[in-house]
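Quantities reported herein were computed from a predicted structural model and do not represent experimental measurements.
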Amino acid sequence: MKTVKEMSNVELVETLNVMEAIDSPEAKKLAEDIKAEQTRREAEAEAKRKAAEERKKAEEAKREAEAAQAEDKLVEKQKSVLGKCYKKVFYDTNYLRPTVHYTVYYKVTGVYDDKAVVSFVKVYDHSEMVSRTITFVDINELLDKSEKYETITRKEFTEQYNSAKSSFEDIADVFKRAFAWF
């Protein structure tokens, strides 16, 4: 016969039902041993459940702390670029010596998650072409020193923006310049 500790929970219940029906001191002692084993197993199961619950709470707290820390870092990055102006020079490498192809002037007008909303002016060095638009730039690119974004003043950006604005006021200006060659 199995000992009380070797029995499964179902076997303990069945044996307890049988032992309670028998009226002998050995049966009563065995019934008490079975009840003690059942309470020990219940306490052990409760301790395991509480430990698992505590582990789950600790993991959740750790995840929340990491998420809060990541959010704080993102907010700091956003604050560090908001309202600043940048310049980046793009080179044409098709020649023996790289030459400046165009320069882009950026002004960060807003942020959305890890993107900076920028108003930019693209000025080509070897033509009168100028383009202006609004787009997104990754904040990490703006802060990365290897990307060669140079911080400029608002005055420099405004000068470029205004010169781009006055270069092509409307489509008629484009036709006037085109027909001036004929």
Side-chain angles (χ1 to χ4, degrees), residues 1-91 93 102-122 131-154 156-157 161:
M1 180 171 180
K2 291 183 180 178
T3 63
V4 173
K5 293 190 185 229
E6 294 173 345
M7 290 184 190
S8 67
N9 290 340
V10 175
E11 291 174 333
L12 285 176
V13 170
E14 289 174 358
T15 307
L16 181 62
N17 290 338
V18 171
M19 291 302 143
E20 286 178 344
I22 299 173
D23 190 30
S24 74
E26 291 87 21
K28 286 184 181 181
K29 184 180 180 317
L30 186 58
E32 287 175 10
D33 289 346
I34 290 172
K35 287 179 183 177
E37 180 65 19
Q38 283 178 330
T39 55
R40 185 193 69 76
R41 286 183 184 181
E42 287 172 2
E44 187 178 287
E46 182 68 21
K48 283 181 183 179
R49 186 188 62 76
K50 284 184 180 180
E53 219 173 73
E54 290 298 320
R55 221 176 16 257
K56 187 177 178 182
K57 283 182 184 178
E59 288 173 1
E60 183 65 29
K62 182 180 175 184
R63 271 195 301 275
E64 286 177 4
E66 288 173 355
Q69 186 179 18
E71 183 71 23
D72 290 344
K73 284 181 182 179
L74 179 63
V75 167
E76 287 303 314
K77 285 180 181 180
Q78 289 174 342
K79 286 180 182 178
S80 68
V81 299
L82 192 60
K84 290 192 177 176
C85 298
Y86 297 92
K87 172 175 98 171
K88 186 172 182 181
V89 179
F90 291 88
Y91 295 94
T93 57
Y102 58 89
T103 306
V104 181
Y105 298 90
Y106 300 94
K107 180 179 180 185
V108 180
T109 58
V111 289
Y112 180 75
D113 285 338
D114 62 340
K115 303 287 186 208
V117 179
V118 294
S119 173
F120 78 86
V121 178
K122 184 189 285 187
S131 62
R132 291 184 310 156
T133 190
I134 295 174
T135 189
F136 290 98
V137 176
D138 192 14
I139 290 176
N140 293 327
E141 283 183 20
L142 290 174
L143 297 175
D144 189 8
K145 298 300 180 198
S146 66
E147 288 291 327
K148 309 257 192 289
Y149 283 94
E150 180 185 332
T151 305
I152 59 172
T153 63
R154 286 186 185 169
E156 291 176 73
F157 175 81
Y161 189 81

Just one of R55, R49, K50 clears the salt bridge (Lys or Arg N to Asp or Glu O under 4.0 Å) bar with E53, so which one?
-> R49

Can you measure from OH (Y105) to CD (E150) and round to the nearest 0.5 angstrom?
-> 9.0 Å

Which distance, rounded to the nearest 0.5 Å, do you find between the NZ of K88 and the NZ of K148?
-> 9.0 Å

Residue pair E46, E42: steps toward the side chain to side chain contact (heavy atoms under 4.5 Å, CB included) verdict | CA-CA 6 Å; E46 182 68 21; E42 287 172 2; over 6 Å; no

Euclidean distance, Y91 OH relative to T103 OG1, rounded to 0.5 Å = 8.0 Å

Test side chain to side chain contact (heavy atoms under 4.5 Å, CB included) on K115 and I139 and set out the steps.
-> CA-CA 5 Å; K115 303 287 186 208; I139 290 176; 5.8 Å; no

Greater than 12 external heavy atoms within 6.0 Å of R41's CZ = yes

Output for pair (K77 NZ, D138 CG), nearest 0.5 Å, gives 8.0 Å

So, E147 side chain and L142 main chain: donor-acceptor pair closer than 3.5 Å or not?
-> no

Checking R154 side chain against G83 main chain: does a donor-acceptor pair fall under 3.5 Å?
-> yes

So, for Q78 and D113, which heavy atoms are closest and what is the spacing to 0.1 Å?
-> NE2-O, 2.7 Å

Sidechain N-carboxylate O distance under 4.0 Å for E60, R63 | yes

Taking all atoms of both residues into account, what is the closest heavy-atom pair of L82 and G110, and its distance?
-> CD1-CA, 3.6 Å

Who are the side chain to side chain contact (heavy atoms under 4.5 Å, CB included) partners of R40, not counting sequence neighbours?
-> E37, E44

Specify whether Y86 and Y149 have parallel, tilted or perpendicular ring planes, treating 30° as the upper limit for parallel and 60° as the lower limit for perpendicular.
-> perpendicular

Centroid-centroid distance, Y102 to F90, less than 6.0 Å | yes

Taken to the nearest 0.5 Å, the spacing of T109 OG1 from K84 NZ works out to 15.5 Å

Atom of L74, atom of D114 and distance for their closest heavy-atom approach | CD1-CA, 3.9 Å

Specify the closest pair of heavy atoms between F157 and I152, including all atoms of both residues, with the distance to one decimal.
-> N-CD1, 4.1 Å

